Amino acid sequence: MFPWTIHPKNIDKGCSKPVTLAAPHSEEQLNKIFDRFDSNGDGHLSWEELRSAYTILGMSFPGLRALKALRVADENRDGYISRKEFIKLTRKNPRK
């Protein structure tokens with residue numbers, strides 16, 4: 001066997017409690033996050049603002065992530081994520 005093979009007998013040894021997700025953000029916190037990245041203050045997040053946000057957060061491929069965010073969150077297909085769409089997106093369960 002290879003040394004990196006997981007052996008079932010070792011799975012439970014030294015494992016701490018399962019990691020729990022952080023509590024959901026309040027609507028006030030989400031509004032502050034939205035305002036931080038809405039650089040021109042128009043109440044919408046453009047591709048450029050999303051790309052900048054992903055860059056600030058240190059994410060790889062910020063332009064592609066911005067495109068995907070628009071594809072997922074922009075319900076009315078106007079090319080922007082509104083505050084309402086942003087809050088709705090953050091309330092979705094990513095595990096579903």
Side-chain angles (χ1 to χ4, degrees):
M1 278 198 194
F2 297 105
W4 56 83
T5 304
I6 298 175
H7 302 284
K9 64 182 180 184
N10 295 332
I11 290 177
D12 291 330
K13 291 183 180 179
C15 294
S16 59
K17 293 191 297 186
V19 176
T20 57
L21 297 175
H25 294 295
S26 70
E27 192 155 338
E28 180 183 347
Q29 291 171 319
L30 292 174
N31 282 321
K32 286 181 182 179
I33 293 168
F34 184 90
D35 291 339
R36 176 181 177 198
F37 296 117
D38 182 18
S39 59
N40 63 2
D42 67 352
H44 295 86
L45 296 176
S46 65
W47 176 81
E48 291 86 2
E49 291 167 328
L50 290 167
R51 183 187 60 173
S52 175
Y54 283 120
T55 301
I56 290 168
L57 295 172
M59 305 296 285
S60 58
F61 308 107
L64 291 175
R65 288 179 186 272
L67 285 174
K68 184 173 181 180
L70 282 169
R71 195 181 84 221
V72 170
D74 183 18
E75 293 180 341
N76 62 3
R77 301 292 181 230
D78 64 352
Y80 300 93
I81 297 177
S82 68
R83 186 178 305 269
K84 180 181 172 186
E85 291 167 335
F86 176 77
I87 290 174
K88 186 174 181 179
L89 174 69
T90 58
R91 299 282 187 227
K92 287 184 180 180
N93 184 351
R95 294 178 183 238
K96 286 186 177 179

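Quick caveat: nothing in here was measured; it's all calculated off a predicted structure.
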Residue pairs fulfilling side-chain hydrogen bond (donor to acceptor under 3.5 Å, both in side chains) with at least one residue in residues 51-69, sequence neighbours excluded: none
With the 4.5 Å side-chain cut-off for hydrophobic clustering, are [X] and [Y] part of the same group?
X	Y	answer
V72	L64	no
L45	I56	yes
F34	F37	yes
L89	W47	no

Listed once per pair and sorted, the salt bridge (Lys or Arg N to Asp or Glu O under 4.0 Å) pairs that draw on residues 33-49, sequence neighbours left out: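 Sorted result for residues 33-49: D35-R83.
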For the student: nearest non-hydrogen atoms of G79 and L70, plus distance: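 The pair with the smallest heavy-atom distance is O-CD2, 3.7 Å.
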Closest contact, heavy atoms only, I81 versus F86: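 Result for this residue pair: CG2-N, 3.7 Å.
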OH/Y80: more than 12 non-hydrogen atoms of other groups inside 6.0 Å: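 Count not over threshold, so no.
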Spacing of [atom1] belonging to [X] relative to [atom2] belonging to [Y], to within rounding of 0.5 Å:
X	Y	atom1	atom2	result
S46	D78	OG	CG	11.0 Å
I33	H25	CD1	NE2	4.5 Å
R71	R77	CZ	CZ	8.5 Å

I87 and N31, any side-chain heavy atoms less than 4.5 Å apart: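 They are in contact (side-chain heavy atoms under 4.5 Å apart), so the answer is yes.
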All side chain to side chain donor-acceptor pair (under 3.5 Å) counterparts of K88, not counting sequence neighbours: E75
